[in-house]
Amino acid sequence: MKVLRQLDWLLLASLLGLAAIGLITLYAAVHQGDIGLWQRQVIFWLIGLAVFAGLCFIPLRVLGLVCWPVYVLALLMLLLVPFVGDVQMGARRWLNLGIVHLQPSELMKWALMFVLANWFATREANQTAHLFTALILAVLPAGLIILQPDLGTTMVLLFAATAMVIAAGLPWRWFGYAVAAALAAAPLLWHFMHAYQKQRVMTFLDPQSDPLGAGYHVIQSTIAIGSGGLFGKGFLQGTQARLHFLPEQHTDFIFSVLAEEGGFIAVGLLLFLYGTLITRIIMIAGRAHSRFASLICIGVASIFMLYITVNIGMVSGLLPVVGVPLPFISYGGSALVTMLAAMGLVMRVAIESQGRIAWQRPGSALV
Amino acid sequence: MHTQLDSRRRFDIRILFFYSMMVILLGVLATHILHLQWVEHQKLAQQADRNRINIVPLLPVRGEIIDSKGRPLAMNRIAYQVMMIPERVENIDHSLQQLSGALKWRPAKLTHVRERVRRSRPDRPVLLDDKLKWDQVAPIAARLHHQGGIDVQVGTYRYYPYAETMSHLIGYLSLARSYDVQAGYLSTEFIGRTGIEHSFESTLHGQLGAQQEEVDAHGRRISVLERTAPEMGKQLQLTINAKIQQAAAKALGKRTGAVVVMDVQSGAVIALLSKPGYNTNRFITGLETKQWQAWLNDPRKPLLNRATQAAYPPASTFKLVSGLAGLRQRAALATGTTTCEGAVELADRKLRCWKRKGHKKLGMHRALVESCDVYFYELGDQLGMASISDEAERWGLGQKTGIALSPESRGTIPTHQPNMMEAIRQAGAHKRMKWFRGETMITAIGQGTLTVTPLQMARLATAVANGGRVLKPKLIVGAETRVLHQVDVQEDDLQRIRDAMFDVVNTPHGTAYWPMRGLPWKAAGKTGTAQVIAMSQDDDEQKAAPEYDRHKDHAWFMGYAPFEQPKIAFAVFVEHGGHGGSAAAPVAAAVIRAAVAEGLGESSLQIASGGKKP
């Protein structure tokens, strides 16, 4: 089969390596409690891989066509959330669609990225008009999401948009202005933050200030990571995990289970696999046959890198607590399937680019 | 075309940028994690252990207290306790509500417990309820694995078989208070507060043990890692004889008063009773404020240990001290006689004898036997205040006996009272003489400002019986006998007093003849009847209780038995009891009968030092 020959095997291998680490770690995290979670995650992997495989067969231009309607749909759903959304943990984020609970902000993250990729596929980001359109496209959903309130997703959204704009050729000077403007706006942002968000930032700055409250999670996960040492306490032997000192140890805090039981050996392996995966995605971006395809790969890589950094940074006390899953490791069906779908798109770019010249690169060798 | 190439080149640079960003971010993460897992590893591993290892103190069992015959006076009974470690409980209020329902607490108890939890250290166990039976705690124990931080433990609680009779002597325990916790006790430990439980706290308490447990984040015990057993407190055997104490209590009945019985040779305290008592068993579960207030406000003052903490005028029992002073000073009247016409005139005052028609002509012997006041007014007048006070001090009055029960009253000897000396100094010379004479004369019959504790009087009786050895009262079997002071008294002089005391009990003229007839032991003693009218310090409180006959005299009887080979000495005090002969002496008779029944005469060495006359 032609597709099999054209597959990027290194990408697939690192993906499967992550699947193995993810399922082993999840088993350690849930083996005392609800083992059904682990079984469900195996099924999510199968579903996700099926989506991944399916997307390998769908031409990229289809995505170019559907991304605009999807963006508009996601925007409409975000508008609906304040009126008909479910309230969970104090924030109105979910839409009940009968079969599934959908988080429109989650969909918007990807839709915005595709729309920006499509917008800049034929445009350079060094023209004010183009940039202004991109700004509108990003700020509309960001404004709606921050009102939910969901600071974490808003920042992911804005970060992904920024990454896209930089990839699309934003002059560095302008980037510098934007950063300066953001820093200037920070006090204003602080003013509009909810108490729990302020609390999180404060706790991040000094976790010991509230050791039994908000700082508890970070203190305990840091203890778990550090106590794992270089070689770990052994599979299923982590006392922090086993005795339930870790909060959310099968979702957002799963990294500390891995670090406690597997030590730096497991952490190193995980980071190596992430590194390989993202390196592959960036390489695919570099030799893609169209600018649209390249930008999509850069977007996917950025979102991944952001998730990894924010999650590991959070559980190890480097960054404030923001609810972001660790890609491929954290329990959770929709996140996993979405990420595998994104991988499927990247794989499709790799397949389509096989034997073709990279965009606007006259005379360059076939890669 | 140019712009297109430009665009491609720019994009290639951007790709390099993203790649570098990835390398930097992954590098930062790897470095940070490596720092935690390598550099900080030891510190964080210790924290992980501290997280999971909980050191639970194991309370020692308190030493038991037994009497001289091995009867338990304070023992431990098995019961279940419910404890809570507040910081490990997710919703304290909710848990307390649940427990309150399961244990059927009254609302006041729930409030009390809630307050207790609020004020306790969150990382230490707090006692919620104890003295529980298994069927009470079984439902809680069954649910325990759902309720982290709550624990049911088998424990013991203190039980006093003679709670009312021995309340002042044995004392009671209560839970450690905040200052005890600061001193190193756990808030779940019981500490002796009064009596023997307080004085011998360190002996009885025992050593804490500890158990290292692995716990999960909710404080639930997963396994026991290490255990050091607690060390039980030492058993304490008292010189007290429970049967004799009970006999004394029964003889006193509902009256208020005190009885002290001591071993004549060793100073061992055989009985030390104060009435009314209070139920010390009620302290164990944490006494409710209401009951405590009731005891505090009771006009009969049940919390006061009348045997050691309260001092009263000794009345006529003091005449033997005045007599001894007279013999020591070779006062004319000590060997001579006087005539009692029922009163003595002193300037504008008239000092009466209790016998209005008078005793007529009499010497010291008959004055003691029939307790003539006039004789002793005159003897006191001849002796002067200093001689009387010095003699009283020689025999151990006006000073603490040093018994291991605190606090102890020292009583009052007039010249040792700073206020009085000041008053004397300030009064004019002539007035001073007149006033001071009268004061001296009534001191000689044991009235006035002179006060003594029943324990001091029992020790005085001991010293009279054993030849002048003033002993430190001891409570513990095996404790050393300590002679605090040997009175340099002539044996003949002492014998004259003893003979008089013998006749008080054994001749029909004696003030204690009738109640003391027919005892298995011949006893010697002296009665006393203290006038209360002159006393006014307690008036206000006593008015509150109409049934409390505050105008009746205090009754005293002190002495020793058997006369030939003295074994026990005793002092009986009955507050507002009336006459010493009729109110106090029968209690002594009951004590002697109990002592004989308990075989007190048979066992010890027969050291004769008090007997001569049959």
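Naming: A, B, ... by sequence-line order, numbering from 1 per chain. Only a predicted model underlies this, so the values are computations on that prediction, with no experimental measurement involved.
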Heavy atoms of other groups near [X] [atom1], more than 12 under 6.0 Å:
| X | atom1 | answer |
| --- | --- | --- |
| B:Ile78 | CD1 | no |
| A:Phe272 | CZ | no |
| B:Glu231 | CD | no |

Between [X] (side chain) and [Y] (backbone), is there a donor-acceptor pair under 3.5 Å?
| X | Y | answer |
| --- | --- | --- |
| B:Arg14 | A:Leu170 | yes |
| B:Gln47 | A:Ile223 | no |
| B:Gln37 | A:Ala259 | yes |

Under 4.5 Å from a heavy atom of chain A, the part of B:Gln42 involved: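 For B:Gln42, no heavy atom lies under 4.5 Å from chain A.
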- request: Under 4.5 Å heavy-atom distance to chain A, tell me which part of B:Asp12 shows up: side chain, backbone, both or neither.
  value: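 Just its side chain gets close to chain A.
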query: If you tally heavy-atom pairs under 4.5 Å against chain A, which of B:Val39, B:Leu29, B:Leu26 wins?
result: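 With the most close heavy-atom pairs to chain A, the winner is B:Leu29.
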message: Among A:Ala224, A:Ser294, A:Ala301, A:Gly268, which residue has the highest count of heavy-atom pairs closer than 4.5 Å to chain B?
response: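 Of the options given, most contacts go to A:Ser294.
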- prompt: Based on non-hydrogen pairs under 4.5 Å, which of A:Thr222, A:Asn126, A:Ile225 is most in contact with chain B?
  reply: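 Heavy-atom pairs under 4.5 Å are most numerous for A:Ile225.
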Rounded to the nearest 0.5 Å, what separation is found between the [atom1] atom of [X] and the [atom2] atom of [Y]?
| X | Y | atom1 | atom2 | answer |
| --- | --- | --- | --- | --- |
| B:Tyr19 | A:Ile282 | OH | CD1 | 7.5 Å |
| A:Ile284 | B:Ile15 | CD1 | CD1 | 11.0 Å |
| B:Met22 | A:Phe304 | CE | CZ | 13.5 Å |
| B:Phe17 | A:Ile166 | CZ | CD1 | 5.0 Å |
| B:Met21 | A:Leu306 | CE | CG | 10.5 Å |
| A:Trp359 | B:Ser7 | CH2 | OG | 4.5 Å |

Which atom pair, heavy atoms only, marks the closest approach of [X] to [Y]?
| X | Y | answer |
| --- | --- | --- |
| A:Ala167 | B:Phe18 | CB-CE1, 3.7 Å |
| A:Gly169 | B:Arg10 | CA-CD, 3.7 Å |
| B:Arg8 | A:Ala358 | NH1-CB, 4.1 Å |

message: Need one label for A:Thr279: side chain, backbone, both or neither, based on atoms under 4.5 Å from any heavy atom in chain B.
response: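 The answer is both parts of A:Thr279.
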message: Can you tell me which portion of A:Ile308 sits under 4.5 Å from chain B's heavy atoms? Options are side chain, backbone, both or neither.
response: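 Both parts, heavy atoms under 4.5 Å.
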- prompt: If we only count heavy atoms from C-beta on, is the A:Leu230 to B:His41 side-chain gap below 4.5 Å?
  reply: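 A side-chain contact is absent here, since even the closest heavy-atom pair is not under 4.5 Å.
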